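Accompanying notes for the structure given below.
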Amino acid sequence: MPDSGESQWDWPALAWCGVCFGVGFGPVLAGLALLWFQDGDMSHGAVAPLVAGWIAWQRRDRLRRLEPRPSGWGLALMTLAMIGVAIGLPSGWHSFARTSLLLSLAGLILYLRGAATLRLLAFPLLLLSFMVPPPTFLYEEITLPLQLLASRLAESALEFLGFSVLRDGNILELAGQKLSVAEACSGIRSLFSLCFFALVYAYLFDARPWMRGVLLAAAVPIAILANAARIVFTGVVGEHNPGLAHGALHGISGWAVFLLAVLLMAALHQVLSCSTRHQRVVVTE
């Protein structure tokens with residue numbers, strides 16, 4: 001095994017692939033960068049490459065110890081990805097072109113270094129997938145059912161607090177206002193950001209791989225609970241001052257609901273950690 005990993009890298013091939021990648025996916029990357037700064041629900045996309053790169057850098061010693069085994073399948077993946085971009089950009093299928101970007105990255109690693117390196121970098125690549133927004137049809141399939149569930153929870157909570165509520169789908173009608181959950185609960189689209197946070201949080205504060213899966217799965221119910229709380233808050237404030245409920249305070253509540261979801265995620269992690277530690281103590285005794 002070589003003493004240093006420097007000689008394991010085919011730098012001319014790496015440089016050539018980097019140039020081809022930049023030329024082929026330049027428009028896709030530019031569109032993504034614009035989206036990150038225009039869409040508040042995708043602002044985490046600007047952070048995803050930085051976090052993924054930092055994690056990959058942390059694994060540099062393990063990467064050096066891996067013997068390169070370049071695979072032709074990587075070239076096949078990159079070719080498939082370029083075809084995807086050639087079809088996706090002119091036709092306006094942005095999701096297709098953006099997915100091809102991730103496919104090309106995986107193919108590049110496989111072509112230059114092999115399957116072992118690709119496995120080692122699988123988690124950073126997973127985080128990179130969060131810089132690409134899900135397809136529109138997936139948003140549409142997920143958002144409405146989650147909003148309906150959040151509206152049911154908010155209805156029950158408002159009735160528990162003593163308010164008279166009539167719900168029709170995602171519309172809540174109170175005595176002094178009609179509340180559209182589609183507006184009050186627009187933060188449900190921050191679910192993607194919350195999933196990204198769950199994975200990064202688990203990586204930073206828990207070495208157990210299964211915890212990442214648990215917190216990722218918990219992101220959905222936590223998002224529903226947090227957004228139901230936002231609806232209740234909007235309803236209560238609106239009964240006292242309708243203008244305040246739909247003004248600046250409504251926008252601020254969007255950030256507050258995400259902070260609440262983050263706190264719930266951290267609390268769940270602490271509960272699970274304490275529970276598993278208790279179980280280990282019981283077993284050892």
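Only a predicted model underlies this, so the values are computations on that prediction, with no experimental measurement involved.
For the pair Leu101/Leu32, a side-chain contact is recorded, criterion being any heavy-atom separation below 4.5 Å from C-beta on. The closest side-chain heavy-atom distance from Ser71 to Arg113 is not below 4.5 Å. Inter-residue side-chain proximity for Phe192 and Pro133 is flagged as unmet; no heavy-atom pair is nearer than 4.5 Å. In this structure, Leu118 and Leu125 have side chains that are in contact, with non-hydrogen atoms separated by less than 4.5 Å. At a threshold of 4.5 Å between non-hydrogen side-chain atoms, the residues Tyr203 and Arg212 count as touching. Side-chain contact between Leu35 and Arg98: present, with at least one pair of heavy atoms (C-beta onward) separated by less than 4.5 Å. Counting heavy atoms from C-beta on, the side chains of Trp36 and Pro49 come closer than 4.5 Å.
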Side chain to side chain contact (heavy atoms under 4.5 Å, CB included) between Phe196 and Val51, intermediate numbers included: CA-CA 10 Å; Phe196 174 75; Val51 177; 4.2 Å; yes
Set out, in order, the CA-CA distance, both residues' side-chain angles and the distance that settles side chain to side chain contact (heavy atoms under 4.5 Å, CB included) for Phe258 and Ser193, then state yes or no. CA-CA 9 Å; Phe258 185 76; Ser193 299; 3.9 Å; yes
For the pair Trp73 and Leu77, evaluate side chain to side chain contact (heavy atoms under 4.5 Å, CB included) and give the outcome as yes or no after the intermediate values. CA-CA 6 Å; Trp73 287 106; Leu77 285 179; 5.6 Å; no
Working for side chain to side chain contact (heavy atoms under 4.5 Å, CB included), residues Leu66 and Leu120: CA-CA 10 Å; Leu66 287 177; Leu120 185 57; 3.8 Å; yes
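To the nearest 0.5 Å, atom CE of residue Met82 and atom CD1 of residue Ile87 are 11.5 Å apart. How far CD1 of Ile55 is from CG of Leu127: 5.0 Å, rounded to the nearest 0.5 Å.
Under a 3.5 Å cut-off, the side chain of Ser151 and the backbone N or O of Leu148 do form a donor-acceptor pair. Looking at Arg69, its side chain never comes within 3.5 Å of a backbone N or O of Leu110 through a donor-acceptor pair. Using a distance-only test at 3.5 Å, with no hydrogens or angles considered, a donor-acceptor pair links the side chain of Ser129 to the main chain of Leu126. No donor-acceptor pair under 3.5 Å is formed between the side chain of Asp206 and the backbone N or O of Ala202. Of the possible polar contacts, none joining the Ser104 side chain to the Ser100 backbone as a donor-acceptor pair under 3.5 Å is found. Not a single donor-acceptor pair under 3.5 Å links the side chain of Ser43 to the backbone N or O of Asp39.
Contact detail for Met131 and Ala48: the closest heavy-atom pair is CB-CB, 4.0 Å. Considering every non-hydrogen atom in both Leu260 and Ala226, the closest pair reads CD2-CA, 4.0 Å. The two atoms that bring Phe123 and Leu199 nearest to each other are CZ-O, 3.8 Å, heavy atoms only. Of all the heavy atoms in Glu159 and Val165, the pair that sits closest is OE2-O, 3.7 Å.
No single ILVMFWY cluster, assembled from side-chain heavy atoms under 4.5 Å apart, contains both Leu166 and Ile231. Criterion: ILVMFWY side-chain heavy atoms under 4.5 Å apart, direct or through other members. Under it, Phe37 and Met42 are part of a common hydrophobic cluster. Under a hydrophobic clustering in which Ile, Leu, Val, Met, Phe, Trp and Tyr are joined whenever their side-chain heavy atoms come within less than 4.5 Å, directly or via other members, Leu263 and Leu204 fall into different clusters. Under a hydrophobic-cluster definition in which Ile, Leu, Val, Met, Phe, Trp and Tyr are linked whenever side-chain heavy atoms come within less than 4.5 Å, directly or via other members, Val271 and Leu215 are assigned to different clusters.
For Trp210, the CH2 atom is densely surrounded, since the number of other residues' heavy atoms within 6.0 Å is greater than 12.
Between Tyr201 and His269, the ring centre distance stays below 6.0 Å.
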